[in-house]
Amino acid sequence: MDKTEVAAVLEEIALLLELKGENAFKSRAYKTAARTLETLPEDLGRLVAEDRLGTVPGIGDALRQKITELVTTGKLAYHEKLRAEFPPGLFDLLDLPGLGPKKVKALYEQLHISDIAGLEAACREKKLESLAGFGAKTEANLLLSIEQRRSYQSQHRLGDVLDLAEDLVDTLRTHPDIHRVSIAGSLRRGKEVVKDIDLLASSAPEKAKGILDDFVALPQVTRILGHGGTKASVILADGLQCDLRVVPDRDFATALHHFTGSKEHNVALRQRAISKGMKLSEWGLFKTDKEGNEVEKLPIYTEEELFHELGLDPIPPELRENLGEIEAAEHGKIPRLVEWTELRGAFHNHTNASDGTATLEQMAAAAAGIGLAYFGLADHSKSSFQANGLDEARFETQLAEIAKFNANPDREIRLFSGVECDILKEGKLDFDDAFLAKFDYVVASLHAGFTKDEEEMTRRLTRAMENKYVTILGHATGRLLLRREGYPVHLDKLIDCAAETGTWIELNANPYRLDMDWRWWHKARDKGVKCVVSADAHRPSDLAYLKLGVTLARKGWLRKGDVMNTLPVGKMEEELKRKKGR
DNA sequence: GCCGTTTTCGGCCCGACTGTTTTCAGTCG
């Protein structure tokens, strides 16, 4: 077992101990140990082999033995014994907002509720009200959460699906009978949440059946829903549906356009075709006679040719939502959208000083590894206790580390010093201005007090943005996709405030966030608001989120010039100085 | 469970909010 797997087992033990009602500090010891392992700079196997586990802070005798057992045998008797004491459905209950270990324990022991279905029934029969600490409101809230969870179940986050889809396309591309293959559907349009994976391939018509036979036999497939001559539907892991259509190559471009959508974009484009004496469908673009009968099929090999025939500039898939892209394409106003390779740096990143898993050096090396020229550290501020936020003294230490790093002439990347500073009550910041002035930049984010009304939340955020040391507004709404709504906030007012104060707004590229939402960026851009695409990286591999973030920036009509972290390092240094001096 | 001792037990991270209470437990960030 590697350290990530061991850490996961320790996390689960911590949870099981809480369910059991054990000493909370004992549970915390397991959690701490799990975190320590995740951030361990050394190889765990070697540490165990050389019997040096006991020297790691937070790992005493008991944990040393258990970790050793896990590493050497791959399992742990203690863990399995604990696990056997509870039905697996209890873990689903813990996922529901408002239910923690104590309440789940009460539900299980007193009402014998062991899964979501049981909880739902009990809520409907108003059985929870008999328990101490539970009431009518709790029942109503839980029923709502269960309903929400159900509606989320058929949906998937873009960032969780994209890699899987790209792998499938890569596999299909190697098929000898496939000419062209592409992702289609909302996934290709970069929608933040998708229902399924739509794939389109082209081949000689007589080869389609064989291609689909091979597709449904792929190892990723867990269930076959349908398997015909031109289309197959399968279920992949996590209940994710994937459809593959195979069309003749001459129909590929129009089919790809059709299955990419959106429906609204397609309807508008079909109307445009009619107005030009043509007819558009998934099967092609046709010239029509006065009665609207097809008289000639136009040869269309690419989507670009299709748009051209309709008198339009090419429209990138991300823009196809019928939100003005057709008018723009008609007038040569489709922007050249930002490309992910144009990013030169990133600003919102964590290290193991707060809640990240890697050291400053490891994060910097990873950033240099993906070709960035500069990299900003923004660990949590002191009020984020849960995230091990840094106080002034610890930040002073980190500032010194960063200065030392930058002083090395052989360094691979330029570091910028920052902080993800908590926005407190009434928009006050977690540090005073004199201290904030020490950083190259400040990301201001809200992590607590989400329950105020829209007016007050908006006031808190705008007040924070009015501070001259605040460079970037972090995750503007705090939403977690398919998990929780954002806090209520008047985004129009935030955008206006950003325009007035020159504050940049973050596009947080964590797959759960993708916040600020793409629907607002076009408007923000037109008001002169600048975007920063952030990975909000907590480990080196999270930097891959930047690419996802750029997809959403594109969906928001952003150009290279609208995204600040496309600036080269010298220009960025000037910008940051200018902002602080404003 | 870990750790550090005034060496073998007692402390271990805070604050807001909700829904339940009628002064507080549980959850969350």
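Remember, predicted model here, so these are calculated numbers, not experimental data. Convention: sequence-line order gives letters A, B, ...; per-chain numbering from 1.
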Under 4.0 Å between a side-chain N or O of A:T138 and OP1 or OP2 of B:dT20? yes

Classify the glycosidic conformation of B:dT8 as syn or anti, calling it syn when the angle lies within 90° of 0. syn

Reckon A:Y78 has a side-chain N or O less than 4.0 Å from the OP1 or OP2 of B:dG1? yes

Answer yes or no as to whether B:dC12 has its base stacked against A:F25, where stacking requires a ring-centre separation under 5.5 angstrom and planes under 30 degrees apart. yes

Within the pair A:R484 and B:dC28, is there a side-chain N or O less than 4.0 Å away from OP1 or OP2? no

Less than 6.0 Å separating the ring centroids of A:F431 and A:Y469? no

Tell me whether the NZ or CZ atom of A:K66 lies within the 45° cone about the ring axis of A:Y78 and under 6.0 Å from its centre. yes

Using the C1' atom as the point on both nucleotides, what is the distance between B:dG1 and B:dT6, in whole Å? 23 Å

Going by modelled atom types, is there a donor-acceptor pair between the base of B:dG19 and the side chain of A:N141 at under 3.5 Å? no

In Watson-Crick or G-U wobble terms, with both distances under 3.5 Å, the base opposite B:dT8 is none

Hey, does the side chain of A:K66 come within less than 4.0 Å of B:dG1's phosphate (OP1/OP2), counting only N and O? yes

At less than 3.5 Å, do the side-chain atoms of A:R28 and the base atoms of B:dC2 form a donor-acceptor pair? no

Over-ring placement of A:K555 relative to A:W518, 6.0 Å and 45° cut-offs: yes

If the cut-off is 4.0 Å, is A:K425 near the phosphate of B:dA16, judged by side-chain N/O to OP1 or OP2? yes

Sticking with atom P, work out how far B:dT20 lies from B:dG15, rounded to a whole angstrom. 26 Å

Select one nucleotide: of B:dG1, B:dG29, B:dT27, the one nearest the side-chain heavy atoms of A:K103. B:dT27

Hey, does the Lys NZ or Arg CZ of A:K103 hover above the aromatic six-ring of A:F134, less than 6.0 Å from the centre and inside 45° of the axis? yes

When rounded to the nearest Å, what value does the distance between P atoms of B:dG19 and B:dC13 take? 30 Å

C1' atom, B:dT21 versus B:dA25: distance in rounded Å? 10 Å

